[in-house]
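Report on the following structure.
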Amino acid sequence: MAKRIDVKDLNIYYGDFLAVAEVGMAVEPRSVTAFIGPSGCGKSTFLRTLNRMHEVIPGARVEGTVAMDGVDLYGDGVDPVAVRRNVGMVFQRPNPFPTMSIAENVLAGVRLNNRKISKGDANDLVESALQGANLWKEVKDRLARPGSSLSGGQQQRLCIARAIAVKPQVLLMDEPCSALDPISTLAIEDLIAELKNDYTIVIVTHNMQQAARVSDRTAFFNIAGTGMPGRLIEVGPTGTMFSAPTQRATEDYISGRFG
Ligand SMILES: Nc1ncnc2c1ncn2[C@@H]1O[C@H](COP(=O)(O)OP(=O)(O)OP(=O)(O)O)[C@@H](O)[C@H]1O
């Protein structure tokens, strides 16, 4: 189920503005890859190119390739909607549908994909996705309550349940804990550690401790100045990146000397 991603010579534009230049890296399946770097270096922009969400912005485009198990997501004939179905995304702020029930929130992606599903299968899917998101025990007696009745951390786990209910191959997470308290953050981090057994996970985080805790590999991005493109400086095993990075800029960033 989990897929490998190979990015080659990727340039990412907003209109004429080259926001991120010449990215080349591999994302391993069944592992967590963290993107770190100072504000504006293009972490979120790059993340959104991994499921073709970038091009939803008018004028936004890419050059280069993003291959998933060898198939270029930007190749001729590839349907961006199918790409987004296979590559799920969890955002900074939990965004459940507030008036929809907890159960219907879990099923929302499946229903969007026009999949007909029997009541029994729907119930099973709600349970398995909520189990997968470590939320089942907390909500099993109130599945008909609205999504907005949950705490922020629970809402974020509900969004993760919604993302995994469509059985994606890759999960992208853009600062998934930035709106959460420390306890909810730990719950999400534990969940990420479990999910990596089944999924390829990429997470953008500003929190260096979080990158060190949850990721197997870390990619450091940097920007030379305003108006300049962000670039991938270094990528490697998280332990090595934090203890013995090869680039001075990486060392300065992780030791808190800038960014
Ligand atoms: N919708 C947009 N239109 C035009 N430029 C954009 C858009 N979104 C981002 N940018 C620009 O692209 C560059 C990279 O932004 P991006 O948000 O990807 O950086 P980031 O590393 O994720 O930053 P942060 O850590 O602050 O979230 C910035 O110069 C930003 O201003």
Side-chain angles (χ1 to χ4, degrees), residues 1-3 5 27 29-33 47 50-53 68 81-181 183-204 214:
M1 201 177 2
K3 297 235 169 179
I5 305 171
V27 175
R30 293 196 173 77
S31 71
V32 179
T33 300
L47 189 78
L50 303 183
N51 73 344
R52 295 192 56 169
M53 287 266 288
M68 210 154 282
V81 176
V83 171
R84 288 172 210 139
R85 190 158 53 224
N86 290 330
V87 185
M89 190 142 186
V90 174
F91 299 89
Q92 209 165 340
R93 300 213 153 261
N95 59 351
F97 299 107
T99 55
M100 230 184 235
S101 72
I102 292 168
E104 282 303 319
N105 260 286
V106 175
L107 295 170
V110 181
R111 300 223 194 277
L112 261 181
N113 292 335
N114 287 328
R115 253 180 60 200
K116 286 258 179 279
I117 180 166
S118 72
K119 199 160 189 296
D121 287 351
N123 290 343
D124 289 348
L125 184 58
V126 166
E127 177 169 349
S128 65
L130 288 169
Q131 295 268 23
N134 270 345
L135 187 60
W136 174 248
K137 282 195 196 126
E138 288 156 78
V139 301
K140 64 180 166 44
D141 298 324
R142 46 172 168 153
L143 294 173
R145 300 276 313 278
S148 57
S149 66
L150 300 175
S151 74
Q154 290 172 327
Q155 288 187 17
Q156 194 61 307
R157 280 179 284 147
L158 178 60
C159 293
I160 293 173
R162 182 175 63 191
I164 61 180
V166 296
K167 302 194 167 50
Q169 289 146 344
V170 177
L171 259 187
L172 308 178
M173 300 183 160
D174 195 351
E175 296 186 53
C177 303
S178 64
L180 305 182
D181 63 87
I183 304 273
S184 304
T185 296
L186 279 184
I188 301 283
E189 289 183 2
D190 287 346
L191 175 56
I192 291 171
E194 281 173 29
L195 291 173
K196 81 169 177 184
N197 294 321
D198 296 316
Y199 300 99
T200 305
I201 297 179
V202 185
I203 177 172
V204 171
V214 303

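- Smallest separation of non-hydrogen atoms from Ser148 and Pro98: OG-O, 3.0 Å.
- Taking the side chain as every heavy atom from C-beta outward, Cys159 and Phe91 never approach each other to under 4.5 Å.
- Annotation: side chain of Asn95 is in contact with side chain of Arg162 (closest heavy-atom distance under 4.5 Å).
- Judged purely by atom type and a 3.5 angstrom limit, Asn105 uses its side chain to pair as donor or acceptor with the backbone of Phe97.
- Taking 4.5 Å as the limit, every side-chain heavy atom of Pro146 sits out of range of all side-chain heavy atoms of Thr99.
- Under the side-chain hydrogen bond (donor to acceptor under 3.5 Å, both in side chains) criterion, no residue pair touches residues 81-91, with sequence neighbours excluded.
- No donor-acceptor distance shorter than 3.5 angstrom exists from the side chain of Glu104 to the backbone of Ser101, with no hydrogens or angles considered.
- Panel note: side chain Thr200, backbone Val170; no donor-acceptor pair is recorded below 3.5 Å.
- Distance alone, capped at 3.5 Å, places no donor-acceptor pair between the Asn51 side chain and the Gly88 backbone.
- Of all heavy-atom pairs between Ala103 and Val126, the closest is O-CG2, 3.8 Å.
- What you find for Val166 and Gly109 is that their closest heavy atoms are CG1-C, 3.5 Å.
- Remark: side-chain polar atoms of Glu175 are not paired, donor with acceptor, to backbone N or O of Gln92 under 3.5 angstrom.
- Between Gln156 atom CD and Leu191 atom CG the span is 10.0 Å, to the nearest 0.5 Å.
- For the atom pair Ile192 CD1 and Ile201 CD1, the distance stands at 6.5 Å (nearest 0.5 Å).
- The two residues Val110 and Ala165 make their nearest non-hydrogen contact at CG2-O, 3.8 Å.
- From Glu194, atom CD reaches atom OH of Tyr199 across 12.0 Å, with rounding to the nearest 0.5 Å.
- Taking CD1 of Ile164 as the reference point, atom CG of Leu195 lies at 5.5 Å (rounded to 0.5 Å).
- Between Ile5 and Met68 there is a side-chain heavy-atom pair separated by less than 4.5 Å.
- Pro94 is not listed as a side-chain neighbour of Leu158, based on a closest heavy-atom distance of 4.5 Å or more.
- Under the 3.5 Å distance criterion, the side-chain polar atoms of Arg30 are matched with a main-chain donor or acceptor of Asn197.
- Lys137 contributes atom NZ, which lies 7.5 Å from atom CD of Gln131 (distance to the nearest 0.5 angstrom).
- Residues Met53 and Leu47 are not in side-chain contact: their nearest non-hydrogen atoms beyond the backbone lie 4.5 Å or more apart.
- Surrounding CZ of Arg93 are at most 12 heavy atoms belonging to other residues, nucleotides or ligands under 6.0 Å away.
- For the pair Ile188/Ile160, a side-chain contact is recorded, criterion being any heavy-atom separation below 4.5 Å from C-beta on.
- For the residue pair Thr185 and Leu180, the shortest heavy atom distance occurs at OG1-O, 3.6 Å.
- Counting only residues at least two apart or in different chains, salt bridge (charged side-chain N to carboxylate O under 4.0 Å, His left out) contacts with residues 147-161 comprise Glu138-Arg157.
- How far OG of Ser149 is from CZ of Arg142: 5.5 Å, rounded to the nearest 0.5 Å.
- Within the 4.5 Å cutoff, the side chain of Leu143 has heavy atoms near those of the Leu130 side chain.
- Nearest heavy atom pair, residue Pro168 against residue Ala163, reads CD-O, 3.3 Å.
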